[in-house]
Visitor: 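First the structure, which I've put down as structure tokens, then a few questions once you've had a look.
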Amino acid sequence: MRNGHDTLNHYRSIQHVRIGSYLINTWYQAPYPEEYSRTDVLYICEFCLKYMKSNFVSKRHKENCCMKHPPGNEIYRDGQLSVFEVDGRKNKIYCQNLCLLAKLFLDHKTLFYDVEPFLFYILTETDNQGCHFVAYFSKEKRSKLGYNLSCIMTLPPHQRKGYGQFLIDISYLLSKNEHKVGSPEKPLSDLGLLSYTKYWKQTLMDFILENKSHLGMTTIEDISQHTSMTLDDVISTLDKQGILTKNKQGQFELMVTVDTNSGSIAMQHDDISGGSVTPMPYPKRLRAKQELLTWVPY
DNA sequence: AATTGATGATTGTCTCGCCG
DNA sequence: CGGCGAGACAATCATCAATT
């Protein structure tokens, strides 16, 4: 031990991160350089995502760091919420730091340093201090398999606010602007599958309710085009709800009855929470609004 | 286009001093 | 005495331009 500040060296991995005003328990290990892993608390600048070992260095950095929002272009703004698009090639360090931070909360993430082939979409909450990082997702610039999202993460203090669903919505809005359909990178994590299952179900329920007057004329292809979801994802989601059948010609048909009073849809396998069997009115959700997106395909 | 080198900013660490 | 915050400074790092 060389001095009084080295007393934290017995830690084998990072237990907490301090970012902005939050002290957050970490969930998984991340491959930070070894000297940064041997600490209880890792300090992260909430604007440039630089990581530091000590509170002193963090404070000094805060005085000098001139960033008040993520690098790249702001592509979406709705009140306090903004989305920035960051190019992994143009802002390599930022994106590498982002991947390391994300790994603290993602189990099986493997991408950390080879960030050039990716774009990163950063969700921020704005106040008079600046645009505070709350969540992100990454996307391959050129996905051969039609993936429109690779990794997605919301910082724990901001979870359960609908930000994950919102970012998934943004990812499909981007696909829509590219005139493509898309799907998340496989394999999905447990939490990822849960989020997507919920998103797909709600998106299709919304579509059905909005188009209930002419569902007979609607094909699976129409739904796919409208939602930018792949045919496979549309079919598997509708099938899980038990509202998909094939007619004599082998074409898919929707079997739906819309309850115009409650605004809900009768489904065989709807989620039953709290033992209630009455269909729950689906919760309001944070939707990405196409008119607020200022983005052109890469 | 890729590599190298210079330059200026930033960090890690040492030291001192305060306080419980 | 031990822990913590702050100033100083050498070493390191990122950036950008020049060169191959």
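Since this is a predicted model, take the numbers as computed values, not measurements. Sequence lines set the chain letters: A, B, ... in the order given, protein chains first and strands last, and positions in each chain run from 1.
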Visitor: Give a yes or no on whether A/Asp190 atom CG has more than 12 heavy-atom contacts from other residues, nucleotides or ligands under 6.0 Å away.
Guide: no
Visitor: Under the 6.0 Å and 45° cation-pi test, does A/Lys53 pair with A/Tyr36?
Guide: yes
Visitor: Flag the pair A/Glu116 and A/Arg142 as a salt bridge only when some basic side-chain nitrogen lies within less than 4.0 angstrom of an acidic carboxylate oxygen.
Guide: no
Visitor: List in chain and number order the residues that pass side-chain hydrogen bond (donor to acceptor under 3.5 Å, both in side chains) with A/His69, two or more places apart in sequence or in another chain; answer none if no residue qualifies.
Guide: none
Visitor: I want to check one thing: is the phosphate of B/dT11, taken as OP1 and OP2, less than 4.0 Å away from some side-chain N or O of A/Lys53?
Guide: no
Visitor: Quick test of your reading: applying side-chain hydrogen bond (donor to acceptor under 3.5 Å, both in side chains), list the pairs with at least one residue in residues 164-175 of chain A, sequence neighbours left out, ordered by first then second residue.
Guide: A/Asn148-A/Ser175, A/Asp169-A/Tyr199, A/Asp169-A/Arg287, A/Tyr172-A/Trp200
Visitor: Report the end-to-end axis angle of the helix from B/dA1-C/dT20 to B/dG20-C/dC1; each axis comes from five terminal pairs, and the value is rounded to 10°.
Guide: 30°
Visitor: Where the side chain of A/Ile93 is defined as all heavy atoms beyond and including C-beta, which of B/dG12, C/dA6, C/dA14 is the nearest nucleotide?
Guide: C/dA14
Visitor: Check if the side chain of A/Arg60 and the base of B/dG12 share a donor-acceptor pair of N or O atoms closer than 3.5 Å.
Guide: yes
Visitor: Nearest heavy atom decides the nucleotide; on that basis, is A/Lys59 or A/Lys50 closer to the 5' end of DNA chain C?
Guide: A/Lys59
Visitor: For B/dG12, take OP1 and OP2 only and decide whether either is under 4.0 Å from a side-chain N or O of A/Tyr36.
Guide: yes
Visitor: B/dT11 phosphate, OP1 or OP2: any side-chain N/O from A/His61 under 4.0 angstrom?
Guide: yes
